[in-house]
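Have a look at the structure below before the remarks.
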2 protein chains.
Amino acid sequence: MAATSIRDVAQHAGVSVGTVSNVLNRPGEVSAESIARVNRAIEELGYVRNDAARKLRAGTSTTVGFVVLDGQNPFFNDVVRGAEDEASKHNIAILYGNTDQDVARERLYLDLFEEQQVRGVLISPYDDVHTRLERLRQRGIPAVLVDRFSGDGRFSSVSVDSVSGGRMAVEHLIETGRRRIAYVGGPFDIHQVTDRLAGARAAAENAGFPVDLEVVATTELTVAEGVAAGTRIIERPRAQRPDALFAANDLIALGLLQALVVEGRILVPEEIAIIGFDDISFAGAAAVPLSSMRQPSGMIGRTALRTLLEEANDPESIPRQTVFQPELVVRRSTDPKKTR
Amino acid sequence: MAATSIRDVAQHAGVSVGTVSNVLNRPGEVSAESIARVNRAIEELGYVRNDAARKLRAGTSTTVGFVVLDGQNPFFNDVVRGAEDEASKHNIAILYGNTDQDVARERLYLDLFEEQQVRGVLISPYDDVHTRLERLRQRGIPAVLVDRFSGDGRFSSVSVDSVSGGRMAVEHLIETGRRRIAYVGGPFDIHQVTDRLAGARAAAENAGFPVDLEVVATTELTVAEGVAAGTRIIERPRAQRPDALFAANDLIALGLLQALVVEGRILVPEEIAIIGFDDISFAGAAAVPLSSMRQPSGMIGRTALRTLLEEANDPESIPRQTVFQPELVVRRSTDPKKTR
DNA sequence: AACTTGATCTGAATCGATTCAGAGACATTT
DNA sequence: AAATGTCTCTGAATCGATTCAGATCAAGTT
């Protein structure tokens, strides 16, 4: 109700609306005297800019949409956090949407963001959203793929080389003497899951000697699914168990640990080694501190947001792929010599 | 550029803009014939409503702001998730802001949300934001406090009884035979931290026999700070160590566990028992499965959002306090009989 | 004195959806 | 036949910030 508009401010300060707007948006073109008067009026009236009107006329928004694949995963929270830090520097707010691998939710949020005419969209996609994003682009809304390489280069992306991460993880297992490895993860329509497996396969095939690599499929990348997969593994006769597990992410790995160590009384890493992916902050606090492939999560978020803003400011810009390399972090779950 | 407006749709469908708007907002007042024509035109032109214009004219927004105290804490992510689920049912998007116990960031987000003229604000406050929220309310933006009781009842709130949770936790420790208890947490300008301590004190004083309760202060509620506090404790001579730790939240508790079990080779719970607060999903997967005070996190988020929308739709509504009771979840870290 | 130039300010037009007073067509009632 | 009511539609006015062509004025130039 107390809708103080720019007109009220103008009147109170004894200047025109144009001048008030200039004070707000291009103070360089206004005399010091006017700036002072307008600012005093703003102060006295408690005026706050109406972003809807601003957006309508000027066309530019101060909001960025972020569609996240799995909001319960600390990894994505770290990414969001990085993006948020960068955004707040530019006085930009983040519209947040968690899809939980649901195509309908993914569409819902993209629709919502389009109505909101956000400045741009960050998305860790689940479904194939290329056509949808192409349409957003036509309306002047750029998009950057997060944690997902844009194979055809149509969009900018910021990701981690999951294939090479998968290879490094399994190479590490092989180097420490493991020969019967199980890859635990799923569903396989998530690209990170298939990429990490592809890397794992490459490592197993290039070992120079036979290395078993079986796949234990899960329906989700959650702790609970990790526990379930772990239980299935310990129910097998001892001889048929793998001697190492490579989990598609740390949530799965933590679930596996819990099943093996706490319930199955299996020695990790002596009997079965475990390595995860992401290096979330809970990895070090696990039943047995967890080896993992570290992703620079905060940096991914910051870079993605920066890339997005550059594209938003320069429509001519061409897509750019940023790929970080993951880093092997060895803890006790693969190396008995480590105390932690 | 391809700015298809309601006017284009009207022309394409051979009706007036008013009719198009009615099809969109009150289809009951329009003939079936017109609805069909307009919908076809919308389809053919790929029209998407401009939310800025809608907001400007109609005054109502489809966005809700959520200011979160600690975005890295899985507990808050679960709360956000609950709110999001409820929001997406109403076609509402969430503007997300993480303050990390920073007064400046808290202000920044409230300013941003005010400019955006959000439908309402959910906030787990750090600073005393009552005056700020009061002002938002005057502008027609209601607020609901999340995970924080509104002592003076000026605002609606959805919270968990931290005092009673603290009491239950320490009562449990006393019942299982502990007499030298340390409360680990901080900083003490976070209300949850002081409330849980107050409950712990009450339990210690009402025991009917002497129970030691010391305070080990941390600067943050993080795993790292938990590790640091744990390290300080195990450096003490054995006789001066407490026999139980009550952590202000699970992140601290996980850090303590890591320091005691993994580094200090201390038996948990035999030598020192540990209980946390929140029951985040990682609590069960810890070095020793962690006892904790469970908060109904998803329910908190859903309830908060529902309360907020009710207030937004009925300006006459009076503030309402919803308080959930936490629930004791006993796992191995306080009970040696449990296998998990 | 006449003319430029530059700095500053003004205020109407504009963005696109919503709203609402009023018009038109038709059926029903008096 | 006139009056009343119902249903449906129309289109100008409106929300508030931005933009921009033009006005004003003091200072500098010829």
Chi angles and distances behind the side-chain hydrogen bond (donor to acceptor under 3.5 Å, both in side chains) call for B/E311, B/S156 | CA-CA 9 Å; B/E311 290 199 9; B/S156 284; 2.3 Å; yes
Contact class for B/T19 (heavy atom, under 4.0 Å): base, sugar-phosphate, or nothing?
-> base
Worked check of side chain to side chain contact (heavy atoms under 4.5 Å, CB included) between A/Y96 and A/V67 | CA-CA 6 Å; A/Y96 174 84; A/V67 185; over 6 Å; no
Atom CD of B/Q117 to atom C1' of D/dC15: distance rounded to whole Å?
-> 10 Å
Taking five pairs at each terminus, the helix from C/dA1-D/dT30 to C/dT30-D/dA1 shows an axis bend, to 10°, of 60°
Contact state string [nucleotides 16-25 of chain D, B base, S sugar-phosphate only, - no protein heavy atom under 4.0 Å] = BBBB------
Rounding to 0.5 Å, atoms CG (A/L95) and CG (A/L122) come to a distance of 11.5 Å
CZ of B/R81 to CD of A/Q72, rounded to nearest 0.5 Å, is 5.5 Å
To the nearest Å, how far apart are A/E33 CD and C/dA7 P?
-> 18 Å
Could you give the CD-to-C1' distance, from B/Q11 to D/dT10, as a whole number of Å?
-> 15 Å
Starting at CG of A/D100, measure out to CD of A/E220 and round the result to the nearest 0.5 Å.
-> 7.5 Å
Honestly, is B/R137 close enough over B/F155, meaning NZ or CZ under 6.0 Å from the six-membered ring centre and within 45° of the axis?
-> yes
For A/S162 and A/Q192, test the side chains for any donor-to-acceptor distance below 3.5 angstrom and give the result as yes or no.
-> no
Is there a donor in the side chain of A/Q321 and an acceptor in the side chain of A/S157, or the other way round, less than 3.5 Å apart?
-> yes
Is the phosphate of C/dT8, meaning OP1 or OP2, less than 4.0 Å from a side-chain N or O of A/S34?
-> no
